[in-house]
J.: 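Below is the structure I would like to discuss, written out as structure tokens.
In what follows, every chain begins at residue 1, and chains take the letters A, B, ... in the order their sequences are listed. Values below: all heavy atoms of this structure, side chains included; hydrogens, waters and symmetry mates excluded. Not measured: the values here are computed from a predicted model.
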Amino acid sequence: MAENVKPRVRVPGNATAGEEITIKTLISHTMESGQRKDGDGNAIPRSIINRFTCAFNGEIVIDVTLEPAISTNPYFEFQAIVPETGTFEFTWYDDDGDVYTDSKDITVG
Amino acid sequence: MKLTRRHTLMVAFGSVVAAMLPVRAFAALEDDIAAFTGGADVGSEGITLIAPEIAENGNTVPIEVNAPGAEAIIVFAAGNPTPAVATFNFGPLAAAQSAATRIRLAGTQDVIAIARMPDGTFVQASQEVKVTIGGCGG
């Protein structure tokens, strides 16, 4: 399931140094659990995003291991500290080896 | 209906199988918890799990976990075919050891969150979620 995968991330554009901000992420993905069966009774193979990470200037904010029990279009909301101007990098790892990335710049004023 | 010996055996066998199924699912959960905690004692202070009491659609149940100071939080759905749901590992830039996501629940069951603290102790919170429509297909 490598087509139509679109990451969406919401990060404030600027912050004060050391401020705690809330980050929301969503990625469109079917997250096929491997439990479902098709019309002929054959199991549909598992195909999920199995890991999500968020880092700021290379330092990890959160690293999530996903199991099939995560809903379609995995959504995460979490808090991060912004020590300086920089870039949040978001990475999703697919079962099929694909890696999806997104990044957001934030300015400390 | 006459109760023959064959019928009696079939009924007895059926009830044994039915009794074994939940036990097996429960054992998988215990194994998963032990793999995370290493068999250590699990406390109950210092972790919050926010989940709805009633979820109309088990395909997408919003949950939130919060354990101040935790290194990692693992979430289980006790009644799912595979109990593990997600593991959150918090890095140095996490402002709060909390996260929110949406999960699938196969039916009414307990959702369990266990946090690992930096000193090696574990704390646990759980909540029952009533599910009207299950979320695992089938």
Side-chain angles (χ1 to χ4, degrees), chain A residues 11-12 15 18-27 29-39 41 43-44 46 48-84 86-89 106, chain B residues 25 28-29 32 35-36 50-51 55 57-68 70-107 109 111-113 129 131 134-138:
Chain A
V11 178
E19 189 181 340
E20 299 179 1
I21 60 160
T22 299
I23 296 176
K24 295 179 181 182
T25 72
L26 183 80
I27 186 164
H29 195 284
T30 52
M31 295 292 279
E32 192 58 63
S33 68
Q35 301 284 342
R36 297 199 310 151
K37 296 196 168 59
D38 64 15
I44 304 172
R46 167 183 142 153
I48 66 165
I49 289 174
N50 54 46
R51 185 172 171 225
F52 163 70
T53 63
C54 170
F56 179 77
N57 289 353
E59 266 202 281
I60 288 288
V61 176
I62 195 167
D63 182 342
V64 187
T65 307
L66 289 76
E67 305 288 346
I70 296 289
S71 298
T72 304
N73 303 337
Y75 163 83
F76 291 107
E77 182 181 333
F78 50 91
Q79 279 79 41
I81 299 170
V82 188
E84 70 232 350
T87 309
F88 279 103
E89 276 161 11
I106 188 163
Chain B
L29 173 67
D32 285 356
F36 184 72
I50 302 168
N57 184 352
N59 267 314
T60 167
V61 181
I63 62 152
E64 190 179 336
V65 288
N66 183 7
E71 277 181 347
I73 303 178
I74 192 163
V75 179
F76 294 108
N80 274 5
T82 46
V85 173
T87 313
F88 302 94
N89 297 294
F90 298 101
L93 286 183
Q97 281 66 37
S98 79
T101 187
R102 297 170 187 153
I103 68 171
R104 290 177 175 141
L105 296 176
Q109 58 181 283
V111 177
I112 299 163
V129 179
V131 175
C136 279

J.: Looking only at non-hydrogen atoms, find the nearest pair between A:Ile62 and B:Ala99 and report the distance.
T.: CD1-CB, 4.2 Å

J.: Which atom pair, heavy atoms only, marks the closest approach of A:Val61 to B:Ala94?
T.: O-CB, 3.4 Å

J.: Could you pull out the closest heavy-atom pair between A:Ile70 and B:Val85, with the gap in Å?
T.: CG1-O, 3.5 Å

J.: To the nearest 0.5 Å, how far apart are CG in B:Leu93 and CG in A:Asn57?
T.: 8.5 Å

J.: Under a 4.5 Å heavy-atom cut-off, does chain B meet the side chain of A:Pro74, its backbone, both or neither?
T.: neither

J.: Assess the residue pair A:Phe78 and B:Phe88 against the criterion (side chain to side chain contact (heavy atoms under 4.5 Å, CB included)); give the C-alpha distance rounded to whole Å, side-chain angles, the decisive distance to 0.1 Å, and a yes or no.
T.: CA-CA 10 Å; A:Phe78 50 91; B:Phe88 302 94; over 6 Å; no

J.: Are a donor atom and an acceptor atom from the side chains of B:Arg102 and A:Thr72 found within less than 3.5 Å of each other?
T.: no

J.: What's the separation between atom CG in B:Asn89 and atom OG1 in A:Thr53, rounded to the nearest 0.5 Å?
T.: 11.0 Å

J.: Shortest non-hydrogen contact from A:Ser71 to B:Val61?
T.: OG-N, 4.3 Å

J.: Can you name the closest pair of heavy atoms from B:Thr101 and A:Tyr75 and give their distance?
T.: OG1-O, 2.6 Å

J.: Tell me, with the steps shown, if A:Met31 and B:Arg104 meet side chain to side chain contact (heavy atoms under 4.5 Å, CB included).
T.: CA-CA 11 Å; A:Met31 295 292 279; B:Arg104 290 177 175 141; 3.7 Å; yes

J.: When heavy-atom pairs shorter than 4.5 Å are enumerated against chain A, which of B:Ala77, B:Ala86, B:Ala72 gives the highest number?
T.: B:Ala86

J.: Between the side chains of A:Glu67 and B:Thr82, is a donor N or O closer than 3.5 angstrom to an acceptor N or O?
T.: no

J.: Which bit of A:Ile21 is near chain B, if near means a heavy-atom gap under 4.5 Å: side chain, backbone, both or neither?
T.: neither

J.: For A:Ala69 versus B:Asn80, what's the shortest heavy-atom pair and its separation?
T.: CB-ND2, 3.7 Å

J.: Could you give the distance from CD (A:Glu77) to CD (B:Glu64), rounded to the nearest 0.5 Å?
T.: 6.5 Å

